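Any value given below was found using the heavy atoms of this structure, including those in side chains, with hydrogens, waters and symmetry copies removed. If you're wondering where the values come from, they're calculated on a predicted model, not measured in any experiment. Letters go in sequence order (proteins before strands), and every chain restarts at 1.
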There are 2 protein chains.
Amino acid sequence: MIRVLVADDHAVVRAGIVALLDEHDDIDVVGQAADGLAAVEEARRLRPDLVVMDVRMPGATGDEATARIRAELPGTRVLILTTYETDATILAAIEAGASGYLLKAAPADEIVEGVRSVARGETALSPAIAAQLVARLRAPAPVELTARELDVLRLVAAGCSNRVIGERLFIGEATVKSHLLKAFEKLGVHDRTRAVTLAMERGLL
Amino acid sequence: MIRVLVADDHAVVRAGIVALLDEHDDIDVVGQAADGLAAVEEARRLRPDLVVMDVRMPGATGDEATARIRAELPGTRVLILTTYETDATILAAIEAGASGYLLKAAPADEIVEGVRSVARGETALSPAIAAQLVARLRAPAPVELTARELDVLRLVAAGCSNRVIGERLFIGEATVKSHLLKAFEKLGVHDRTRAVTLAMERGLL
DNA sequence: GCCTCCCTCCACCGATCGGTGGAGGCGGGG
DNA sequence: CCCCGCCTCCACCGATCGGTGGAGGGAGGC
């Protein structure tokens with residue numbers, strides 16, 4: 001019997017997962033949580049075999065909750081459910097210790113089978129997610145921007161000129177340009193606008 | 001007895017809505033559909049009192065499907081479920097004839113009550129959605145960009161210079177600038193980068 | 001101690017952009 | 001028919017940006 005805790009801020013999705021899982025005799029949904037903090041608390045109390053969790057939740061995000069659960073409860077595994085295959089949090093969640101990452105759009109049996117796999121100690125990845133991962137691994141430099149580069153880029157996105165950005169951040173205009181050029185280089189881009197849109201696509205902004 | 005058709009591309013969400021609705025004696029889920037086209041066909045076949053539909057679906061988007069259903073089946077009402085309260089499709093769906101617009105994050109009883117309201121011929125709006133609507137109505141100019149302005153803005157977002165945009169669209173550089181200036185004016189903005197981020201926020205891009 | 005990375009700053013240049021003030025053509029609605 | 005909105009284009013200007021080639025200081029790792 002696989003004891004499962006379901007965590008999702010959407011009542012509809014929660015009900016859906018429960019409905020899908022509960023109709024199988026080998027799976028028992030023992031609890032539900034509507035946000036990240038509640039998920040951690042319920043996991044602590046119920047000690048389920050498995051937590052099925054949304055990535056985006058109020059309170060604590062899916063990856064934060066995952067990290068805490070994995071740290072406190074070594075016997076509890078985490079299976080992440082996400083809406084978007086391009087979600088920038090995929091890596092974060094897996095680094096936090098998630099054992100699986102499935103799309104909400106996946107057919108019902110794939111989700112049920114994912115739950116069983118993870119409960120057995122295996123890993124469950126949606127094909128689209130797996131493709132994302134290998135694509136990221138293929139990219140040698142995962143593009144990491146420094147804190148300052150992100151500061152500057154955020155203000156660029158807000159429509160500030162280099163001079164104004166300098167004033168806001170209490171640095172010289174030359175420094176702003178220097179950060180921007182660094183960021184352009186890292187992103188493989190030649191202008192501020194594309195830098196902003198790309199950073200947004202990558203979930204960096 | 002309210003006969004309901006549920007349309008959503010996510011199996012999980014479909015199961016959730018069905019689970020929420022089916023436990024009430026006055027509601028009968030008579031069918032399901034996994035995309036917009038199937039929703040229209042099933043509605044045609046089953047003639048339900050109500051279609052509960054996601055906005056974003058493959059095949060036909062929620063508002064297209066809504067328009068078709070409303071045109072063909074005057075006895076069938078449509079209740080839209082969305083994930084994001086800032087969804088740019090709110091207006092489109094309501095113009096297409098939807099009788100309600102609820103958030104997936106809404107508590108279960110609010111969704112059930114919404115179904116009953118719409119079946120009675122009333123309108124059901126989540127508070128957050130209603131707030132969005134009045135905010136839009138308050139704004140005298142809803143910011144509508146022309147097709148050409150959007151063409152240009154999309155290429156700006158891709159990092160193209162005005163000259164390159166001109167080449168791609170087979171127009172002069174001066175024309176590109178003229179479209180951009182128009183767009184800046186409409187968006188209340190003074191630079192291309194902010195224009196792009198704002199257009200993205202507004203769901204125009 | 002040394003090396004690397006990040007942050008800071010400077011001067012200079014050509015290219016591009018933002019903005020002004022026009023112009024004409026073309027299609028739809030009153 | 002006339003007006004209005006959209007699309008197209010022109011010339012010109014100052015401001016800003018992208019890019020080069022530096023420089024120094026401070027924090028952290030080996």
Under 3.5 Å, N/O pairs linking protein and nucleotides 19-26 of chain D:
from	atom 1	to	atom 2	distance (Å)
D:dG19	O6	A:Lys177	NZ	3.0

Could you check how far [atom1] of [X] sits from [atom2] of [N], rounded to whole Å?
X        : N     : atom1 : atom2 : answer
B:Glu173 : D:dC7 : CD    : P     : 19 Å
A:Arg148 : C:dC9 : CZ    : C1'   : 13 Å
A:His179 : C:dC7 : NE2   : C1'   : 5 Å
B:Glu149 : D:dT8 : CD    : C1'   : 13 Å
B:Lys182 : D:dC4 : NZ    : P     : 13 Å
A:Leu145 : C:dC7 : CG    : C1'   : 15 Å

Looking at every heavy atom in both [X] and [Y], which two are closest together, and how far apart are they?
X        : Y        : result
A:Ala33  : A:Leu5   : N-CD1, 4.4 Å
B:Leu20  : B:Ile111 : CD1-CD1, 4.5 Å
A:Arg148 : A:Leu169 : NH2-O, 3.2 Å
A:Ala124 : A:Val118 : CB-CG2, 3.8 Å
A:Thr76  : A:Arg47  : OG1-C, 4.3 Å

key: Members of residues 159-170 of chain A that approach DNA chain C, where some heavy atom sits under 4.0 Å away   =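 Nucleic-acid contacts, sorted: none.
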query = Pick from B:Val156, B:Val152, B:Leu150: which one makes a side-chain contact (heavy atoms from CB on, under 4.5 Å) with B:Arg154?
reply =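 Exactly one option meets the side-chain contact (heavy atoms from CB on, under 4.5 Å) with B:Arg154, and it is B:Leu150.
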task = Using heavy atoms to find the nearest nucleotide of DNA chain D for A:Leu180 and B:Gly172 separately, return the residue whose nucleotide is more 5′.
result =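 The residue mapped nearer the 5' terminus is B:Gly172.
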message = Strictly distance-based, threshold 3.5 Å: is any side-chain N or O of A:Arg14 a donor or acceptor partner for the main-chain N or O of A:Asp8?
response =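 Side chain of A:Arg14 to backbone of A:Asp8, a donor-acceptor pair under 3.5 Å: yes, one is there.
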inquiry  = Closer than 3.5 angstrom, by distance alone: can the side chain of B:Ser117 be matched with the main-chain N or O of B:Thr123 as a donor-acceptor pair?
reply    =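 Looks like no, no N/O pair under 3.5 Å.
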key: Qualifying residue for side-chain hydrogen bond (donor to acceptor under 3.5 Å, both in side chains) with A:Asn162, from A:Arg192, A:Glu167, A:Glu173   =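 Testing each of A:Arg192, A:Glu167, A:Glu173 against A:Asn162, the sole residue satisfying side-chain hydrogen bond (donor to acceptor under 3.5 Å, both in side chains) is A:Arg192.
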ask   = For B:Thr146 and D:dG5, is the shortest distance between a side-chain N/O and OP1 or OP2 below 4.0 Å?
value =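 No.
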message = I want to check one thing: is the phosphate of C:dC7, taken as OP1 and OP2, less than 4.0 Å away from some side-chain N or O of A:Thr175?
response =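 Negative; the distance criterion is not met.
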